[in-house]
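Got a structure for you, written out below as structure tokens; questions coming shortly.
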Amino acid sequence: MLHTAIQIYVNAFLPLCLLTLGAAIRWGGTTERIVAWSCVLASSMQKLLMALFGHSFQQLEPTVMVVDLTLLIALCWVGLRDPRWWVLTMCALQLLSASTHLEHLVDTGMSPLAYAILSGTGAYPTQFLLIAGIVGYHARTNRRVTGVR
């Protein structure tokens with residue numbers, strides 16, 4: 001039962017990323033689109049690399065670490081260009097996920113389940129933050145178009 005729930009949790013993430021990408025393309029601005037594309041690419045690359053090289057979370061997962069660090073760099077770059085609260089919060093969550101790999105190197109006794117959970121903890125909240133960014137952008141641009149303050 002727990003294994004099935006974890007599989008649903010893991011497998012539902014890429015479709016959620018694709019939905020937020022669609023929303024960003026339809027209702028978001030440049031920042032929202034860049035972040036959404038970054039999330040889709042990171043999630044797709046992680047799935048591909050894990051399928052090619054396998055994963056057990058018994059030891060450091062270099063493919064997961066590279067994807068996490070690359071997404072962190074992308075989000076930080078976007079956050080420096082357009083420091084919106086939701087982008088900076090996504091950076092913080094991604095930093096927590098990426099730092100899990102360092103923690104696993106330091107604490108060799110970390111269980112594989114803890115490593116897997118901690119490295120993916122920020123995934124869903126980042127998508128909800130992106131949705132908040134899309135809604136905020138859409139509301140701002142709608143007010144400008146209609147003249148409502």
Side-chain angles (χ1 to χ4, degrees), residues 1-140:
M1 181 71 168
L2 177 62
H3 186 268
T4 303
I6 291 171
Q7 286 300 90
I8 291 170
Y9 179 83
V10 169
N11 291 331
F13 186 67
L14 182 56
L16 177 61
C17 288
L18 292 168
L19 284 173
T20 55
L21 173 61
I25 290 169
R26 175 70 175 95
W27 297 292
T30 303
T31 299
E32 292 78 14
R33 291 177 186 146
I34 291 170
V35 170
W37 273 111
S38 298
C39 291
V40 166
L41 290 172
S43 183
S44 299
M45 285 305 299
Q46 187 156 323
K47 278 195 170 296
L48 176 66
L49 292 172
M50 289 173 90
L52 290 174
F53 299 109
H55 64 285
S56 64
F57 290 96
Q58 297 285 338
Q59 55 199 4
L60 180 69
E61 293 292 340
T63 56
V64 177
M65 183 180 70
V66 167
V67 171
D68 281 347
L69 291 173
T70 303
L71 182 58
L72 176 62
I73 290 166
L75 290 173
C76 288
W77 176 78
V78 172
L80 288 170
R81 289 184 65 238
D82 191 5
R84 299 192 184 276
W85 69 270
W86 61 271
V87 177
L88 299 176
T89 307
M90 285 180 77
C91 287
L93 288 171
Q94 189 60 31
L95 178 61
L96 288 173
S97 292
S99 67
T100 301
H101 304 290
L102 178 62
E103 172 62 24
H104 188 67
L105 281 174
V106 172
D107 180 8
T108 56
M110 180 187 286
S111 78
L113 181 60
Y115 181 30
I117 289 172
L118 290 173
S119 67
T121 297
Y124 280 91
T126 60
Q127 292 307 293
F128 297 126
L129 288 164
L130 175 54
I131 291 167
I134 294 166
V135 169
Y137 176 84
H138 185 66
R140 279 192 314 280

Minimum-distance pair of heavy atoms, taken over all atoms of Leu105 and Thr108:
O-CG2, 3.9 Å
Measuring from atom CE of Met50 to atom CE of Met45, what distance do you get when rounded to the nearest 0.5 angstrom?
12.5 Å
Should the ring pair His104 and Tyr115 be called parallel, tilted or perpendicular, given that the plane angle runs from 0 to 90° and is split at 30 and 60?
parallel
Looking at every heavy atom in both Ile134 and Ala23, which two are closest together, and how far apart are they?
CG2-O, 3.8 Å
Can you tell which of Val78, Asp82, Thr30 makes a side chain to side chain contact (heavy atoms under 4.5 Å, CB included) with Val35?
Val78
NZ on Lys47 to CG on Leu52, rounded to 0.5 Å
13.0 Å
Distance-minimising heavy-atom pair for Arg33 and Gly28
NH2-O, 3.1 Å
Would you say Leu130 and Gln127 make side-chain contact, with heavy atoms under 4.5 Å?
yes
List the steps and the verdict of side chain to side chain contact (heavy atoms under 4.5 Å, CB included) for Phe57 and Leu113.
CA-CA 7 Å; Phe57 290 96; Leu113 181 60; over 6 Å; no
Working to the nearest 0.5 angstrom, can you tell me the gap between Leu16 CG and Phe128 CZ?
6.0 Å
Side chains of Val40 and Ser44, heavy atoms from C-beta outward: is any pair under 4.5 Å?
yes
Taking Ala116's backbone N and O only, do any of them form a donor-acceptor pair with Ser119's side chain (distance below 3.5 Å, no angle check)?
yes
Any side-chain heavy-atom pair from Leu93 and Leu129 closer than 4.5 angstrom?
yes
Of Val64, Val66, Leu71, Thr70, which meets side chain to side chain contact (heavy atoms under 4.5 Å, CB included) against Asp68?
Val64
May I ask you to decide if Gly29's main-chain N or O and Glu32's side chain share a donor-acceptor pair within less than 3.5 Å?
yes
Atom pair OG/CG of Ser43 and Leu48 - distance to nearest 0.5 Å
11.0 Å
Is a side-chain donor or acceptor of Asn11 paired with a backbone partner of Gln7 at a separation under 3.5 angstrom?
yes
Just by modelled atom types, is the Trp77 backbone N or O under 3.5 Å from a matching donor or acceptor in the Arg81 side chain?
no
Show your working on side chain to side chain contact (heavy atoms under 4.5 Å, CB included) between Thr121 and Leu96 and close with a plain yes or no.
CA-CA 9 Å; Thr121 297; Leu96 288 173; over 6 Å; no
Donor-acceptor pair, Gln94 side chain versus Met90 backbone, under 3.5 Å?
no
Of the non-hydrogen atoms in Ala42 and Val67, which two are nearest, and what is the gap between them?
O-CG1, 3.4 Å
Is it the case that the side chain of Gln58 and the backbone of Pro112 share a donor-acceptor pair, with hydrogens and angles ignored and the cut-off at 3.5 Å?
no
For Thr63 and Phe53, which heavy atoms make the closest approach, and how far apart are they?
CG2-CD1, 3.8 Å
Rounded to the nearest 0.5 Å, what separation is found between the OG atom of Ser97 and the CG atom of Leu72?
9.5 Å
Given side chains that start at C-beta, do those of Val135 and Trp86 come closer than 4.5 Å, heavy atoms only?
no
In short, Met65 meets His101 closest at the heavy-atom pair CA-NE2, 3.5 Å
Would you compute the distance between atom CD1 of Ile117 and atom OG1 of Thr100 and round it to the nearest 0.5 angstrom?
11.0 Å
Any sub-3.5 Å donor-acceptor pair from Thr126's side-chain atoms to Ala123's backbone N or O?
yes
